[in-house]
Amino acid sequence: MSSTEAHILARCSAFDLEALSEVYDRFSPALYRYAWRLTGNDELAEECVAETFGRYLAALRAGAGPTQNLRAYLYRVAHNWVTDQWRKARHESGDEELEHKADPLMTSQIAERAIERKRVRRALRSLTPDQRQVIMLKFYEGLDNREVAQAIGKPEGSVKSLQHRALAALGKSLGREGE
Amino acid sequence: MGSHEPLTEAEVHRLLRELDHVPPRSPERALRARSEMLDQAHQLAPAARDLRVPAPANGPFTKRKGSRPMMTAIASLLLALGLVLGGGGAVFAAQDALPTDPLYPVKLLTEDAQVSVTSEADARTVLLLQYADRRLVELGLLGPAAPEVIEPVVARFQEQLDAALRQALEATDSELVLRILARIQAQLEVQSRLIAGLQISAGDPMQIREQLQTAVQQRLELCRLGSQNPDALRDRIRERDQAQDQLRQQDLTRMPTDIGQQPGATPGPNATPGSDGPGPEGQGGSGSGSGEGSGSSKTWGPGESGYGAGPLTPTPSATHRKRRFGN
């Protein structure tokens with residue numbers, strides 16, 4: 001952990017609003033994209049970002065919160081939130097992007113892409129939480145194995161096997177979906 | 001029935017790339033979310049913040065500070081009365097109000113009260129910057145609206161930025177001064193980017209954006225000046241305050257003539273842009289006053305928030321503003 005990050009985390013723990021602003025500005029755009037990819041819904045993505053930071057603040061208030069690798073921590077919180085929403089079967093249709101964007105001007109090509117994205121999202125949803133997190137963080141967020149391991153709370157060595165199993169599961173799921 | 005052949009890893013990779021593109025996040029919503037997060041942080045940790053920041057002592061530029069307790073008392077009384085009379089729900093509901101909503105004045109009153117009851121300069125800065133952000137969010141969310149609705153929002157945006165800058169002068173600790181200025185500067189840079197992409201439906205969007213951008217750039221310049229030489233910023237503000245005081249004195253001496261509307265009266269020096277607004281300093285109790293505010297006929301318009309003596313940079317008079325907004 002860099003001394004800069006340690007310093008910022010310490011300031012966040014003291015509820016230094018400037019440090020919290022800095023953290024928000026640095027991480028919220030990526031968290032939003034992360035949540036949007038999983039939900040396909042801008043409302044839910046915003047809610048995810050708000051909840052993630054809300055939980056972080058609550059943890060700080062309780063004297064907890066991460067002492068290192070804040071990015072991994074925030075992704076973990078965001079991922080748990082999305083998983084919770086799915087467990088609650090909220091927005092069960094899962095077709096948020098299509099529902100929200102459906103309009104008469106949507107060309108068939110755009111519609112096709114939206115359907116493809118829906119397929120991918122559904123396949124991601126069928127993974128175990130750890131598998132999904134590995135795919136999301138490695139493929140989209142560019143985290144290395146060490147950071148992914150921190151985010152999922154598993155040893156670094158398990159990340160590769162989780163990735164391998166996740167890709168295999170996605171291959172099966174998407175193959176089936178493609179029928 | 002299909003054979004359910006699993007896809008190859010390469011095919012999976014190709015499909016995963018379908019999620020690469022994410023539609024851009026609404027800048028207005030992003031800013032609002034940021035503001036709400038800071039609100040939440042502010043609510044959660046007042047004790048921690050109070051411990052961290054030393055209370056500013058009276059310094060040469062804290063002449064208005066002495067009246068803050070009165071403002072605090074008034075604000076607290078208003079809030080307490082509102083809550084006793086069942087206005088708590090209204091206060092809560094008002095937080096999302098737009099300038100065209102009936103509850104909007106409650107929202108602004110709540111902001112003023114919150115600033116007044118916040119004891120530390122840097123905490124007040126954060127609040128004021130958040131509230132200035134709100135003005136941008138409002139402009140982004142506002143549908144078609146008359147210039148009379150927009151002008152006070154723009155004016156209040158400027159006034160809140162100025163008030164934030166004044167907080168730096170209330171700090172006697174030089175490190176705190178620099179921290180406050182750095183905070184303001186960082187937020188102004190965020191605001192500048194936001195304004196560039198702000199979708200405005202009301203008035204003349206280009207002119208409004210230009211006016212907002214100018215306001216931000218002027219304050220950025222002041223921040224840079226203050227960061228390099230806080231005394232220079234103090235001098236700049238002192239000079240401006242003196243000019244404002246002078247103009248007020250002239251206004252007072254001219255008042256009977258003006259009321260009588262003698263024929264042939266010509267505009268005096270107080271006809272310069274930005275000078276048409278200031279109410280008596282300390283009108284709001286905190287030394288504040290006004291700024292550019294009297295150009296607004298709205299009761300919630302600028303000049304009544306108790307944020308400071310007035311704009312730190314010249315701002316157009318109400319008449320001038322009206323012309324710039326195309327009316």
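Protein chains get the first letters and strands the later ones, always in sequence-line order, with residue 1 at the start of each.
Residues Phe15(A) and Ala41(B) approach most closely at CD2-O, 3.6 Å, considering heavy atoms. Closest approach of Trp36(A) to His21(B), counting heavy atoms only: CZ3-O, 3.9 Å. Between Ser21(A) and Arg34(B), the shortest heavy-atom distance links the atoms CB-NH2, 3.4 Å.
Looking at heavy atoms from C-beta onward, Leu167(A) lies in side-chain contact with Leu16(B) at the 4.5 angstrom threshold. Between Val22(B) and Tyr34(A) there is no side-chain heavy-atom pair separated by less than 4.5 Å. Contact annotation: the side chain of Ser28(A) approaches that of Arg25(B) to within less than 4.5 Å [non-hydrogen atoms, C-beta and beyond].
Expressed to the nearest 0.5 Å, how far CD of Glu46(A) lies from CZ of Arg29(B) amounts to 4.5 Å. Tyr56(A) OH to Gln40(B) CD: the interatomic distance, rounded to the nearest 0.5 Å, is 13.0 Å. In this structure, the separation between OG1 on Thr52(A) and CE on Met37(B) is 12.0 Å, given to the nearest 0.5 Å.
For Tyr32(A), the part lying near chain B is the side chain, with the backbone staying farther off; criterion is any non-hydrogen pair under 4.5 Å. Using a 4.5 Å cut-off between heavy atoms, Leu60(A) does not touch chain B at all. For a residue to count as touching a neighbouring chain, one of its non-hydrogen atoms must lie under 4.5 Å from one of that chain's; by this rule Glu11(B) does not touch chain A.
Checking each of Arg113(A), Lys118(A), Arg117(A) against Glu18(B) for a side-chain hydrogen bond (donor to acceptor under 3.5 Å, both in side chains) leaves exactly one that passes, namely Arg113(A).
Across Val49(A), Asp25(A), Leu170(A), the residue that shares the most heavy-atom pairs under 4.5 angstrom with chain B is Asp25(A).
Counting heavy-atom neighbours within 6.0 Å of Glu221(B) CD, excluding the residue itself, gives a total of 12 or less. The environment of His164(A) atom NE2 is sparse: at most 12 non-hydrogen atoms of other residues, nucleotides or ligands sit within 6.0 angstrom.
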Output, in order, the C-alpha distance, side-chain angles, deciding distance and verdict of side chain to side chain contact (heavy atoms under 4.5 Å, CB included) for Arg119(A) and Leu15(B). CA-CA 9 Å; Arg119(A) 279 182 65 205; Leu15(B) 278 171; 4.1 Å; yes
Passes side chain to side chain contact (heavy atoms under 4.5 Å, CB included), Leu17(A) versus Leu127(B)? Steps please. CA-CA 10 Å; Leu17(A) 296 182; Leu127(B) 275 181; over 6 Å; no
